[in-house]
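Taking it in order: structure first as structure tokens, then the write-up.
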Amino acid sequence: MSITFTDQDKLTLRTAAWGAVSLMSAAGAAGSAHKVATHGSMALTSATGLVGHVLNKAPKGVKYGKTVAELADQVLPALTAAMSLLKEQDPAEADNFRSTVIVAIEAAARTHQGEPSPTMAEMARKITGALDAA
């Protein structure tokens, strides 16, 4: 089965995945938001398969808002929409997308010494919940 994504589909996937890294970065701002974003971004650009081809660059022109709440208002629904889209077209790529985002948020969370902060752990839980809501 060959999947063809529209430009809007690609934007949804990119907004979801890169936005998840941005949410983790915001949640980890007490430590090093830059390190969080760097590690999460490296995980996204290391993705393989069709998902890897789409996520190889961050979305352009997306306005995430000025607060973490505004960012979450866009990213969490995009995560659910991305999973729904992929499940409909290719369940294996849906699994690939989910695992890619999970690896990215785990990589982002591991930039701190020891356990992730409660803030980062809660953000990871919200991201995972949005992925699983589809």
Side-chain angles (χ1 to χ4, degrees):
M1 175 185 214
S2 177
I3 301 176
T4 303
F5 290 127
T6 66
D7 288 343
Q8 184 59 49
D9 293 342
K10 292 176 187 177
L11 181 61
T12 298
L13 296 173
R14 289 178 180 141
T15 299
W18 287 91
V21 170
S22 295
L23 284 171
M24 291 300 290
S25 180
S32 174
H34 177 73
K35 280 186 182 179
V36 171
T38 299
H39 287 270
S41 297
M42 287 172 33
L44 292 181
T45 59
S46 297
T48 59
L50 184 58
V51 165
H53 290 285
V54 173
L55 299 182
N56 67 358
K57 57 185 172 182
K60 299 258 190 234
V62 175
K63 304 254 190 258
Y64 286 126
K66 295 182 180 184
T67 67
V68 177
E70 289 174 351
L71 174 62
D73 287 346
Q74 290 185 51
V75 173
L76 297 177
L79 286 161
T80 303
M83 286 298 295
S84 293
L85 169 76
L86 290 168
K87 282 181 177 180
E88 182 180 303
Q89 294 195 28
D90 187 339
E93 282 302 318
D95 291 342
N96 185 19
F97 180 81
R98 185 185 186 286
S99 65
T100 297
V101 172
I102 295 297
V103 167
I105 64 174
E106 287 176 353
R110 288 207 174 105
T111 60
H112 296 283
Q113 297 295 329
E115 294 287 320
S117 70
T119 308
M120 290 186 82
E122 178 62 10
M123 189 60 74
R125 186 196 63 73
K126 289 176 182 179
I127 291 167
T128 303
L131 287 167
D132 294 343

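Rounded to the nearest 0.5 angstrom, Lys57 NZ and Leu44 CG are separated by 14.5 Å. To the nearest 0.5 Å, the span separating NZ on Lys87 from CD on Glu93 amounts to 14.5 Å. Taking CH2 of Trp18 as the start and CG of Leu11 as the end, the distance is 14.0 Å to the nearest 0.5 Å. The distance from the OG1 atom of Thr128 to the CG atom of Leu79 is 9.0 Å, given to the nearest 0.5 Å. Here the CG atom belonging to Leu86 is positioned 6.5 Å from the CD1 atom belonging to Ile3, to the nearest 0.5 angstrom. Residue Met83 holds its CE atom at 6.5 Å from CG of Asp95, rounded to the nearest 0.5 Å.
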(request) Test Val36 against Met120 for side chain to side chain contact (heavy atoms under 4.5 Å, CB included), laying out the working first. (result) CA-CA 10 Å; Val36 171; Met120 290 186 82; 4.0 Å; yes
(request) Before giving the answer on side chain to side chain contact (heavy atoms under 4.5 Å, CB included), spell out for Leu13 and Val51 the whole-Å C-alpha distance, their side-chain angles and the decisive distance to 0.1 Å. (result) CA-CA 8 Å; Leu13 296 173; Val51 165; 5.8 Å; no
(request) Determine, step by step, whether Phe97 and Leu131 satisfy the side chain to side chain contact (heavy atoms under 4.5 Å, CB included) criterion, reporting the C-alpha distance in whole Å, the side-chain angles of both residues, the deciding distance to 0.1 Å, and the verdict. (result) CA-CA 9 Å; Phe97 180 81; Leu131 287 167; 3.9 Å; yes
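The shortest distance between side-chain heavy atoms of Val68 and Leu23 falls below 4.5 Å. Two residues are said to be in side-chain contact when any heavy atoms from C-beta on lie closer than 4.5 Å; Thr4 and Gln89 fail this criterion. Residues Ser22 and Leu71 meet the side-chain proximity criterion, which asks for heavy atoms closer than 4.5 Å. A 4.5 Å side-chain heavy-atom check between Leu55 and Thr100 finds at least one atom pair inside the cut-off. Contact annotation: the side chain of Thr45 never approaches that of Asn56 to less than 4.5 Å [non-hydrogen atoms, C-beta and beyond].
Checked by atom type and distance alone, the side chain of Ser84 never pairs as donor or acceptor with a backbone atom of Ala134 at under 3.5 Å. Side-chain N or O atoms of Glu70 include one that pairs as donor or acceptor with a backbone N or O of Lys66 at under 3.5 Å.
Using modelled atom types and a 3.5 Å distance limit, the side chains of Thr12 and Asp9 yield no donor-acceptor pair.
The nearest pair of heavy atoms linking Val75 to Ala16 is CG1-O, 3.7 Å. A pairwise comparison of heavy atoms in Thr80 and Ala133 identifies OG1-CB, 3.8 Å as the closest pair.
In the hydrophobic cluster analysis, where Ile, Leu, Val, Met, Phe, Trp and Tyr join through side-chain heavy atoms closer than 4.5 angstrom, Leu50 is grouped apart from Val103.
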